Amino acid sequence: MRFGPSKRLAAAFKPRFSLTSDAGLRHRHHPILSRLPTSPSLPHILQAHARLLVVGLAAHRSSLAHLLALCAALSAPAPPRYFRLLYAAIARPNVFASNNLLRCLARSDCDAARDALPFYAHMRRAGIPTNNYTFPFLLQACSRDRVSGEGTQVHSHAVKCGLEEDLYVRNAFISFYSSCGELNHARRVFDEFPGQRDLVSWNAMLAGYARAGRTDVAQELFDRMPDRDPISWSTMIMGYVESGALEKGLGLFRELVGKGLTVNEATLVTVLSASAQLGLLEVGQFIHSTIRSMDFPFTVALGTALVDMYAKCGCIELSRHTFEEMKQRDVFTWNAMICGLAAHGLGKEALELFQRFLGEEGLRPTGVTFVGVLNACSRAGLVAEGRRCFELMVEEYGIEAETEHYGCMVDLLGRAGLVREAYELIRGMSMAADPVLWGILLGACKVHGLVDLGVSIGNKLIELEPEHDGHYVLLAGVYARANRWEDVVKVRRSMAAHRGTSKVAGWSLIEAHGTVHKFVAGDKGHKDSVEIYRTLEVVTMRLTEEAGYSPDVSAVLHDIGDEEKVHAIKEHSERLAIAFGLMVVERGRPIRIVKNLRACGDCHEFTKMVTKVFEREIVVRDGSRFHHFKEGKCSCFDYW
DNA sequence: ATAGGGTTAG
């Protein structure tokens, strides 16, 4: 496997100033600027600036412009207040200084980048000339802000300046139009002078189609390209992954690795994220082993992606191991680990890690950290601790509580039976409460048998989102708890009547020996279908005899006969996946299942019994958390 | 001094 230096490394080895460069020559003998290191940091620049002030050279145009250029080249964006001050200090700014201000603006956040276009207008009014450097910087700033409207005007300026055939300028326009979604404009520039085209032009065009979700056109270009480099591959792979074609992205990654071509960090992180999203452990492990066999540097981003992948694939121990192995971590790493522990129901461990995090030098928790922390409190039933953390977030860290945080708190209070308090919390919010919050509260009403409150919330939710199946299911559950079966039937009927397009089909998937097997309820499409159903039959029989299993049909009460109801539960996708898992996963290894929806109560009981009767471990990832089933118990303690 | 891909937490 070949493995070349990254672009950043290459940039570090490139001499900052060639001997033919004006700027370089001018400062070779400068008493202060010539003493700066080749890639100075912001403090270096500030220090040099201070010395210029002290010796009275701070009004010197080329010195200041040089400092501005250094700011523009910093690896982290320079503070806007500082580079604006530098530019303002230049008496008669020239193209060089102005271009570098544009570059600084382009590299800042959106607010500052918005000033790039007005500044360009100012340049033209003030008679400052523009050159081939001006447009790339200007367009970069404009695409950060997604203002495509003025693009065509700027384009005609560039043509007037005689720069329409300049490769850098052309590529800047291709990528500008691409990032604004103006694919036809981009394509016109791309097609205009086929002689003035290089790998960068192809990659920019490719990225345009990929970002727009036109992976078909992107693939066609990718196949037609005269050359491909690691960026072409990562653009294509990311295009697939982002448009949801995760398997295609992973397939292309396999091809890339199979051909022994150079892989870059962005690609690895993207495919790790794809396998994490899908919960495909075998794929994730394949990527991990690829990373190891290439001796790829173990960067913070890669480590974080691995921590996240293992956690999302159900291997919380491997996730922790990776986390502890990392020599450097950033907020993302800590967040991934804290949220991972919480998702696995390891509330105490997550809180301990949070304490350790607070002791870290130079890192501050973010809103996401608190999503993990509050989730952890909720899972561990630590009500007082949860309240304290919520307060800490708002008071101490000045983080505004978002819907997610309220969601955690409602869940925490509701789970502990403090439904009234949870209700008040939602009512007291300054923003409009997301229906999701009422849904969480409704779940608590169901569990604690609060029929009146549950009915009123349920009806309100159905009114708000009549096409949302989950609300009907929960409300029916509330009625079922109170044995109000007629109402259960009514709700079910009205659900059937409102069944809209937003209904999500439940599925479960399981990986076995390099293949992904996906099941839906009543699925007969699998090649081993007959054997799977036979196995399921046997499993159900043994559970009935040895563990006293009897299906609880209340969750699926329809307007149908009892026998059919039992049938409907019996073929829920996760049971098919479990039966298949029992067939193919060797003893001693856990059966890992990924679902898109939450488990129904009966399937949850069923799974618990399977682990006891068959002495197997089953790990289920549902829509929001993990269930570790072992010896007849589940890590969620039956509240999910 | 210039153009292309950029990930990770809910």
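Letters A, B, ... mirror the listed sequences (proteins, then strands); counts begin at 1. This is a predicted model, so every value here is computed, not measured.
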For [X], report the nucleic acid contact type (base, sugar-phosphate, nothing); a contact means any heavy atom under 4.0 Å.
X       : result
N132(A) : base
A69(A)  : nothing
T304(A) : base
A72(A)  : nothing
I237(A) : nothing
E265(A) : base

- [ ] May I ask whether W334(A) stacks on the base of dA9(B), given the cut-offs of 5.5 Å between ring centres and 30° between planes?
- [x] no

Nucleotide nearest [X] (side chain, heavy atoms from C-beta), chosen from [options]:
X       : options                 : result
V269(A) : dT2(B), dT7(B), dG10(B) : dT7(B)
E402(A) : dA3(B), dA1(B), dG10(B) : dG10(B)
N99(A)  : dG5(B), dA1(B), dA3(B)  : dA1(B)
Y168(A) : dA9(B), dA3(B), dG5(B)  : dA3(B)

Task: Minimum side-chain heavy-atom gap R379(A)-R625(A) below 4.5 Å - done: yes

- [ ] For residues W202(A) and S232(A), determine if any side-chain heavy atom of one lies less than 4.5 Å from a side-chain heavy atom of the other.
- [x] no

Task: Pair H405(A) and F370(A), ring centroids less than 6.0 Å apart - done: no

Quick one: is [N] close enough that its OP1 or OP2 comes under 4.0 Å of any side-chain N or O from [X]?
X       : N      : result
Q140(A) : dT2(B) : no
R170(A) : dA3(B) : no
K312(A) : dT8(B) : no
S273(A) : dT7(B) : no
R211(A) : dG5(B) : yes

TODO: Take the protein atom CD of Q196(A) and the nucleotide atom C1' of dT2(B), then report the distance between them rounded to whole Å.
DONE: 15 Å

